[in-house]
Amino acid sequence: MFKELNISNDLLQLTTQAEQELQEVYKHYDDICLYNSAKVLNALHEVKLNASDFCENTGYGYFDMGRDKLEKVYSLVFKAEDALVRPQIMSGTHALSITFFGLLKYGDTMLSISGEPYDSLKSIIGLSLNSNNSLIAHGIKYEQIDLVDNDFDIDKIVSRLQQSKVKLVEIQRSRGYSNRLSLSIDKIERVCKKIREVDKDVIIMVDNCYGDFVEKKEPIEVGADILVGSLMKNLGAGQAKTGGYVVGKAQYVHDVAERFSAPCVAKDIGANLNQLLSFYKGIYHAPSVVCASLKSMTLASCLLEKLGYDVSPKCMDVRTDIVQTIKLHSAEELIEFCRGIQKGVAVENYVTLMPSEMPGYPHQEIMASGSFIEGSTIELSCDGPITPPYTAYMQGSLTYEYGKLGVLIALSHLQRL
């Protein structure tokens, strides 16, 4: 069977060795999975979920008990006051956009304390692509403070907050298209405490994409006011067909909801479009799917490192999101690595990938993603911008077994070149 998948015997032997080395790491992920599963199950019990909560609601979507219960589940899981979870939120980028525009007004200042944001967020802010509808175009000021040694520059952050009023502090938990490490809950907790010592009113917002359920705590529990994410990533678990979420303090969620729908309407409107069952199944399966992704990326890191590739995180590093990077040093190597991943996915594994333009990104992208849900990055995928240093960003896998097979097929492809 492995021969039919073109997986080499040498790689199978190397994998057996790697898995033996990784047993304690895998146990750590299993422990986090069980803890987060308990959180979800407790929340489902508290809302008294029943089969009628999965029914379709049409038109304006008034008085949808299943939708309201789902948002209560999210608020309980994240230890938040309120939540907005909707199929009309089309992506993580969309969730970020409505959050920024819901919370920031003309003349307000937004301060990124995790350095340069990733490409699609740059276009929302107005740092690239020159949209007439960016934050900067609407008179919102943007500043940033870079990380130092993969941690917050707390002295600069405190100094800036003491100078003049900042309305919103933004933290990007994942690395995006950068070579920095993702940010742990411990680091986020430390910086939130320092920020609160200076300004108790500034809004602390965290972009949680790729970080949900990777650790036992979420940013709301350690001081963040509002949290944003996508159901095409961790919490959709390959079940959700679309959607995004915003959780946090009730007033801030209300302000975002008014931007999402209309002033004074907020969360009261929005048909569920028959997506509630997939949303509930998504968050129910999310702890185990995230665990499978973490194990798959850890195995990939171990194998790639043994084969001489420069990877981050290393297989024994503590992970704070599901993203694995591989430095490939040339456009040709980046393209071939992604083509190898495409050969190991379930859908459209036969296609030959080509770099192309992507909406919201300033460079051509190469993207391997044979997913059942289009663009679902919690399923095994790999992508990267065709620009130096030619780094591949790999993530996802609905099960460890499929992640393992996909990585082995990709590495066998590279060995045959």
Side-chain angles (χ1 to χ4, degrees), residues 90-97 112 114-137 144 172 174-180 182 207 209-210 230 232-233 242 297 300 304 309-312 321-371 373-396 406-407 409-411 413-414 417:
M90 295 172 283
S91 66
T93 300
H94 186 202
L96 288 164
S97 181
S112 167
S114 49
E116 186 175 80
Y118 52 80
D119 289 344
S120 58
L121 184 50
K122 286 182 186 177
S123 60
I124 295 173
I125 296 168
L127 302 176
S128 66
L129 303 183
N130 299 318
S131 170
N132 291 328
N133 293 294
S134 68
L135 293 173
I136 290 173
Q144 73 181 43
Q172 181 184 303
S174 184
R175 69 177 72 209
Y177 278 162
S178 74
N179 290 319
R180 73 160 172 90
S182 55
D207 174 356
C209 289
Y210 299 110
S230 166
M232 295 296 91
K233 300 179 175 66
T242 185
M297 294 302 101
L304 285 159
Y309 290 91
D310 186 359
V311 297
S312 177
D321 68 7
I322 64 168
V323 180
Q324 178 66 47
T325 71
I326 310 99
K327 291 183 181 178
L328 294 159
H329 306 297
S330 74
E332 292 75 19
E333 286 187 356
L334 172 59
I335 291 167
E336 285 302 329
F337 185 83
C338 289
R339 285 175 175 172
I341 291 294
Q342 188 71 28
K343 290 182 179 295
V345 298
V347 182
E348 297 177 343
N349 83 302
Y350 55 87
V351 304
T352 300
L353 299 180
M354 300 296 292
S356 65
E357 306 294 332
M358 288 291 293
Y361 292 85
H363 306 287
Q364 282 197 329
E365 304 283 321
I366 182 80
M367 291 197 170
S369 178
S371 53
I373 306 298
E374 183 181 352
S376 175
T377 48
I378 191 57
E379 302 182 46
L380 182 61
S381 61
C382 187
D383 56 275
I386 309 300
T387 184
Y390 303 109
T391 301
Y393 297 82
M394 181 168 56
Q395 57 272 317
V407 168
I409 291 169
L411 294 178
H413 165 77
L414 285 181
L417 293 176

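The analysis underlying the following values was restricted to heavy atoms, covering all of them including side chains, and did not include hydrogens, waters or symmetry mates. In this chain, numbering begins with 1 at the start of the sequence shown.
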Write down the atom of L328, the atom of A392, and the distance for their closest heavy-atom approach. CD1-CB, 3.8 Å
Worked verdict on I378 versus I322 for side-chain contact (heavy atoms from CB on, under 4.5 Å): CA-CA 8 Å; I378 191 57; I322 64 168; 3.7 Å; yes
Considering non-hydrogen atoms only, spot the tightest contact between H413 and E336 and give its length. NE2-OE1, 3.3 Å
Quick check against the 3.5 Å criterion: does E365 have a side-chain atom that pairs as donor or acceptor with the backbone of S356? no
State which residues pass side chain to side chain contact (heavy atoms under 4.5 Å, CB included) with T377; sequence neighbours excluded, sorted by chain then number. Y210, K233, S381, Q395
Only one of T352, V351, N349 clears side chain to side chain contact (heavy atoms under 4.5 Å, CB included) with Q342; which? V351
Spacing of I124 atom CD1 and L129 atom CG [to the nearest 0.5 Å]: 11.0 Å
Got a second to check how far Q144's CD is from E116's CD, nearest 0.5 Å? 6.0 Å
For a side-chain contact (heavy atoms from CB on, under 4.5 Å) check, start with the C-alpha distance between H363 and I386, then their side-chain angles and the critical distance, and finish with the verdict. CA-CA 7 Å; H363 306 287; I386 309 300; 5.9 Å; no
Heavy-atom nearest pair, G406 first then L380, reads CA-CD2, 3.8 Å
What closest approach, in Å, do P385 and Y393 show between heavy atoms, and which atom pair accounts for it? CD-CE1, 4.2 Å
For the atom pair CD (Q364) and CE (M354), what is the distance rounded to the nearest 0.5 Å? 9.0 Å
In this structure, OG1 of T391 is separated from CG of L334 (nearest 0.5 Å) by 8.0 Å
Can you measure from CD (E333) to CD1 (I326) and round to the nearest 0.5 angstrom? 12.0 Å
So which atom in S131 and which in A137 form the shortest heavy-atom distance, rounded to 0.1 Å? O-CB, 3.8 Å
How close do K122 and P117 get, heavy atom to heavy atom, and via which atoms? CE-O, 3.3 Å
Roughly how far, to the nearest 0.5 Å, is CD1 of I366 from SG of C338? 5.5 Å
Using modelled atom types only, decide if a donor and an acceptor are shared between the side chain of Q324 and the backbone of A300 within a distance under 3.5 Å. no
Is any side-chain heavy atom of S369 closer than 4.5 Å to one of D383? no
Is there side-chain contact between T93 and L121, with heavy atoms separated by less than 4.5 Å? no
Closer than 3.5 angstrom, by distance alone: can the side chain of S312 be matched with the main-chain N or O of T325 as a donor-acceptor pair? no
